[in-house]
Number of protein chains: 2
Amino acid sequence: MPDPTPPTPSTPPTPSAPKARADAARNREAVLAAADRLFAEHGSPGTVTMADIAAAAGVGKATLFRGFGDRTGLIRALHETRLAPIRQAAEEGPPPLGPTTPPHERVPALLDALLRFKLDNRHLSLALEGTGNGSPYAADHYAHWHTTLRTALARIPDLPTPDFTAHALLAATRADLVEHLAGTEGVPREQLRAQLAEFTARVLGPAVRGD
Amino acid sequence: MPDPTPPTPSTPPTPSAPKARADAARNREAVLAAADRLFAEHGSPGTVTMADIAAAAGVGKATLFRGFGDRTGLIRALHETRLAPIRQAAEEGPPPLGPTTPPHERVPALLDALLRFKLDNRHLSLALEGTGNGSPYAADHYAHWHTTLRTALARIPDLPTPDFTAHALLAATRADLVEHLAGTEGVPREQLRAQLAEFTARVLGPAVRGD
DNA sequence: AGTTAAGCGGACCGCTGGTCCGTATCGTAC
DNA sequence: GTACGATACGGACCAGCGGTCCGCTTAACT
């Protein structure tokens, strides 16, 4: 049983940090920065190896795996860091992302925020979803957005299947689809946002009130 | 330039087969059968290696790569074989899949056929989309369905973005999502079909006529 | 039966994610 | 400032993967 400590102390749940050594924290940041940069430079995340990241960060390979568990853990940690602001805005922020927003406005806002994030961090999102081994649906990151979206959808009358609808709407913003459209097909950013908004509106149906 | 012959003669485009040796054809079938079986047995397609397939088929590894180019080629060939009937039905078959069907009926029928196929061949679809290296959107198999769906959607009035809509609807039937819902979450088959149909109907909007 | 080339298979290669363990460094108690 | 235990470090190391090579086998045609 070689697992006395939690394997991925990426972000300690309790604010009481269990004492992190200074060099460890510094290395952690260096690794995240190096990984971000490398993923951004190379087109396909598959061409960036763990050894590359370690070298770019100026640390040994073992440091990567000690700090993040495995490749997926590193990518998840990086992704989580970048997405945190949006996540927080959706959880407790003001409209249009926050929970007080009426659903006909909030759902498109959430999806648009997600889409913009994936456009701005294409490489990262691609690396996250294209991890290969585990499906994106296993990550609790997905569960979070799904729950948020489903909850908002459930407040819309005459929408019989909020659970599936949330899945389907999220599927429309999947990283590889975004990459295909914005990258390969060259669809302009604003056009893509408009199309997603249009699609979303169609799914939600007409708002009850002026909204 | 070590490439005098086409690298992946999976299905010769011209019906004039360029003379295939008997044992080669036999081996090809054995490989496809073995691969299908192994993918079905193991849960995750990632755990099935090329060596496994070769051993199960009773051939050498080189035979796999000679016949199919690489891992992706093998999976694509297998997938194509299984999907061919549906594909043909969509291309030239009778309603509700064939091209003569009015779009308000055909689009749901196409998506439902795709969903049923992925439910019936979950392992295979998962292996195809989860190839890892290349995104599913690069495969011309995807381009085919997208074009078919977009064409049908374009015939619906007041649907401003048939291209994106086709992508988004197809995204709702992605193999890993289907696997997540039908497998992990245990959503019953008929319920999933009904949900997809409901969602599709919402996207298409009301039919102009009794349809 | 003889000839030829297509087909065969398994040893082999390069590379990857992931691990091990002796060593260097940090944090602390004095 | 120094001594000391705990913690983290790093690069050699490992197992397993997709993919290739080449000497041998065998189908096909005469």
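The sequence lines fix the lettering, A, B, ..., with proteins before strands; numbering per chain opens at 1.
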Under 3.5 Å between N/O atoms: give me all the protein pairs with nucleotides 20-24 of chain C, atom names plus distance.
none

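Contact annotation: the side chain of A:His141 never approaches that of A:Arg76 to less than 4.5 Å [non-hydrogen atoms, C-beta and beyond]. Side-chain contact between A:Arg122 and A:Asp176: absent, with no pair of heavy atoms (C-beta onward) separated by less than 4.5 Å.
Between B:Phe65 atom CZ and C:dA11 atom C1' the separation is 14 Å, expressed in whole Å.
By the 30° and 60° cut-offs, the orientation of the rings of B:Phe164 relative to A:Phe199 is perpendicular.
Between its opening and closing five pairs, the helix from C:dA1-D:dT30 to C:dC30-D:dG1 changes axis direction by 10°, a value rounded to 10 degrees.
Residues passing the ring-ring contact (aromatic ring centres under 6.0 Å, His included) test with B:His123: none are found, sequence neighbours excluded. Every residue two or more places apart in sequence or in another chain that forms a ring-ring contact (aromatic ring centres under 6.0 Å, His included) with B:Phe117 is listed here: B:His79.
Between A:Asn27 and D:dA8, a side-chain N or O to OP1/OP2 separation shorter than 4.0 Å is absent.
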Enumerate donor-acceptor pairs with a distance under 3.5 Å from any side-chain N or O in residues 29-42 of chain A to protein atoms, sequence neighbours excluded.
unit_1	atom_1	unit_2	atom_2	d
A:Asp36	OD2	A:Arg82	NE	3.1
A:Asp36	OD2	A:Arg82	NH2	2.1
A:Arg37	NH1	A:Glu41	OE2	3.1
A:His42	ND1	A:Leu38	O	3.2

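Ion pairing between a basic and an acidic side chain is recognised when a charged N comes within 4.0 Å of a carboxylate O; A:Arg189 and A:Asp120 show such pairing.
The backbone N or O of B:Ala175 lies less than 3.5 Å from a partner atom in the side chain of B:Glu129, making a donor-acceptor pair. Under the 3.5 Å distance criterion, the side-chain polar atoms of B:Thr161 are left unmatched by any main-chain donor or acceptor of B:Asp163.
Relative to the side chain of B:Thr63, the nucleotides D:dA8, C:dC8, C:dG17 differ in distance, and C:dC8 lies closest.
In terms of heavy-atom proximity, A:Val107 sits nearest to A:Ala152 at CG2-CB, 3.8 Å.
Scanning residues 47-56 of chain B for heavy-atom distances under 4.0 Å to DNA chain D yields B:Thr49, B:Met50.
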